[in-house]
Protein chains: 2
Amino acid sequence: MPNEAVSTQVSGTEPAIQPLSRRERVREATLVEIKDIARRHLVEHGPGGVSLRAIARDMGMTAPGLYRYFSSLDDLLLSLSADFFTELSMAVRTANDALPERDVDGRLLSSLRAFRTWALANRAEFTLLFGPSHPHRSCQHESVAIEAGRHFAATFLTLFDELLQQHRVSLPPEDDISPELSRQLRAFAEHAGFTTENASDGALRVLVGCWVRLYGLVCMEVFQHMEFAMDTMEALFEAELSDILSSAGVEYRSPR
Amino acid sequence: MPNEAVSTQVSGTEPAIQPLSRRERVREATLVEIKDIARRHLVEHGPGGVSLRAIARDMGMTAPGLYRYFSSLDDLLLSLSADFFTELSMAVRTANDALPERDVDGRLLSSLRAFRTWALANRAEFTLLFGPSHPHRSCQHESVAIEAGRHFAATFLTLFDELLQQHRVSLPPEDDISPELSRQLRAFAEHAGFTTENASDGALRVLVGCWVRLYGLVCMEVFQHMEFAMDTMEALFEAELSDILSSAGVEYRSPR
DNA sequence: TAATTTCAGTAAACGGCGTAAGCTTACGCC
DNA sequence: GGCGTAAGCTTACGCCGTTTACTGAAATTA
């Protein structure tokens, strides 16, 4: 039994070393080729414009062959989603790491801008991640993508957590938060894996408020619902960014 | 030439009286039947789950026959979009008209809640209107839908205008608005047909800010990106609504 | 080395799709 | 009664996802 593989890997993170058999190496290569081509089609024709047959044709093979790699078209798109989430996470983290650690404000600004930048440079991919969810395949365990999504969320959550560590966030008055809202905020925190001591209801309220605003802003731009009037929404984004962050006690600085 | 039709109609708004020939009546009936069934499919299978063949099958006819009514599937969906925009406009207007005219705050609150309510009761329809735009058919003159969309926007714009008439909106400091942003805000106002004297840069800034937040909030709920943590986002919506409107000088009141 | 298992990829087929071209048939008008 | 218009049909083309049964080569075992 030479070239034993995958038997004692650490977890899903990294395959420890690389005792990949030849079979497994070529399989891995085919897998990434499929995903590369699928992404190209996604970018060129949007979600819904991705088809197994066209992908297979581009690779010089037949569609049923792809079923050795993905159990369905949906499965392929889910796998792509996972990739995109980690790519987006990396983009944000990179922007974050470009600034000195103690400059929390700068890192936050930079991270949020990186989110928008990635979204605009990868509209179709963003749509897949943050656009309308499929009607039938509900949010239920689409393991890969959901896990990557959680990981992406953590990127922002830790950043926000750092902000909380420093006193500065001005929290909304306690009685502004209804019991109902409080319950839902705590449920959110739990499911998102945000269980710090610092996470008071007020802090969660601010966090979610910021996220919703950022999300709306970027969606509007990516989905092009202002296209008829604005060529780019950069200026509006910066203005809103300033507002959003000031609600979290962060001092705005213009980019560059 | 009895039963003369459509010769002297006022415009696209209403066919004046109803000198519709029998032919035209039955055609009209078929047309609404197609759209009714299409909407059912849209609701049941989402956009992308609407197919001419399935619609035709449900009506007991064949797909090519539908081309007598719509020049393509896309054309049908566009026509549906237009209908949905006017339906949504009506829902908002109805909520607005339920309160006394001088209660601007109340009418605004009621209108924004009606927007969310309609969106949640008509997820698929909302997605068609406000979800990702098709990649290839850019926003270019999709006449019917674009016109209905403009009409919908006007619903909110007039409401906001009333708010401006009364001094109360506290405008952001002038120098908070970059020249770039100013230019884009004015472009937006012009394209949206919002040309009141009251529309200072500051006012436009507040208006667009409110709209973006409302949009993001409702998108997040309709697209179910918080589903994993929150069953309903009602509480969060009310909390954000309070924030949003306070930025426009409107006093929040809880519903009912 | 020979036998055997595993598995990537194929061909054929089923049912579904949007759409174009050409034909039939009935309604509405003179 | 005759005729034009247009609604709806048939047929056809080329896409699509997915299933089934198969081939043949590589990897494993003996």
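Proteins come first, then strands; the chains are lettered A, B, ... in the order of their sequence lines, and each starts at number 1.
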message = Enumerate the ring pair (Phe, Tyr, Trp, His ring centres under 6.0 Å) contacts for residues 57-76 of chain A, please, sequence neighbours excluded, ordered by first and then second residue.
response = none
ask   = Could you walk me through whether B:E240 and A:R213 pass the salt bridge (Lys or Arg N to Asp or Glu O under 4.0 Å) check?
value = CA-CA 10 Å; B:E240 280 286 306; A:R213 285 179 77 172; 6.0 Å; no
query = Using Watson-Crick pairs (N1 to N3, plus N6-O4 or O6-N4) and G-U wobble pairs, both distances under 3.5 Å, which stems of at least 3 pairs involve DNA chain C?
reply = C:1-30 with D:1-30
remark   = B:R68 atom CZ is separated from C:dC23 atom P, nearest whole Å, by 14 Å
What are the atom names and distances for every N/O pair under 3.5 Å that joins the protein to nucleotides 17-19 of chain C?
unit_1: C:dC17; atom_1: OP1; unit_2: B:S51; atom_2: OG; d: 2.9
unit_1: C:dC17; atom_1: OP2; unit_2: B:R57; atom_2: NH2; d: 2.2
unit_1: C:dG18; atom_1: OP1; unit_2: B:L52; atom_2: N; d: 2.6
unit_1: C:dG18; atom_1: OP2; unit_2: B:L52; atom_2: N; d: 3.2
unit_1: C:dG18; atom_1: OP2; unit_2: B:R53; atom_2: N; d: 2.9
unit_1: C:dG18; atom_1: N7; unit_2: B:R53; atom_2: NH1; d: 2.4
unit_1: C:dG18; atom_1: O6; unit_2: B:R53; atom_2: NH1; d: 2.7
unit_1: C:dT19; atom_1: OP2; unit_2: B:Y67; atom_2: OH; d: 2.7
unit_1: C:dT19; atom_1: OP2; unit_2: B:L73; atom_2: N; d: 2.8
unit_1: C:dT19; atom_1: O5'; unit_2: B:Y67; atom_2: OH; d: 2.7

remark   = Residues in residues 29-44 of chain A with a heavy atom under 4.0 Å of DNA chain D, by number, are none
request  = To the nearest Å, give me how far apart CD (B:E28) and P (D:dA6) are.
outcome  = 16 Å
ask   = Is a salt bridge present between A:D58 and A:R40, judged by a nitrogen-to-oxygen distance below 4.0 Å?
value = yes
note = Residues passing the ring pair (Phe, Tyr, Trp, His ring centres under 6.0 Å) test with B:F194, sequence neighbours excluded, are none
key: Check ion pair B:E221-B:R123 (N to O, under 4.0 angstrom)   = no
query = Is a salt bridge present between A:E24 and A:R27, judged by a nitrogen-to-oxygen distance below 4.0 Å?
reply = no
query = Between B:E28 and B:R23, is there a side-chain N and carboxylate O pair less than 4.0 Å apart?
reply = no
Between the protein and nucleotides 3-6 of chain C, list the N/O to N/O atom pairs that are separated by less than 3.5 angstrom.
unit_1: C:dT6; atom_1: O2; unit_2: A:R23; atom_2: NH2; d: 3.2

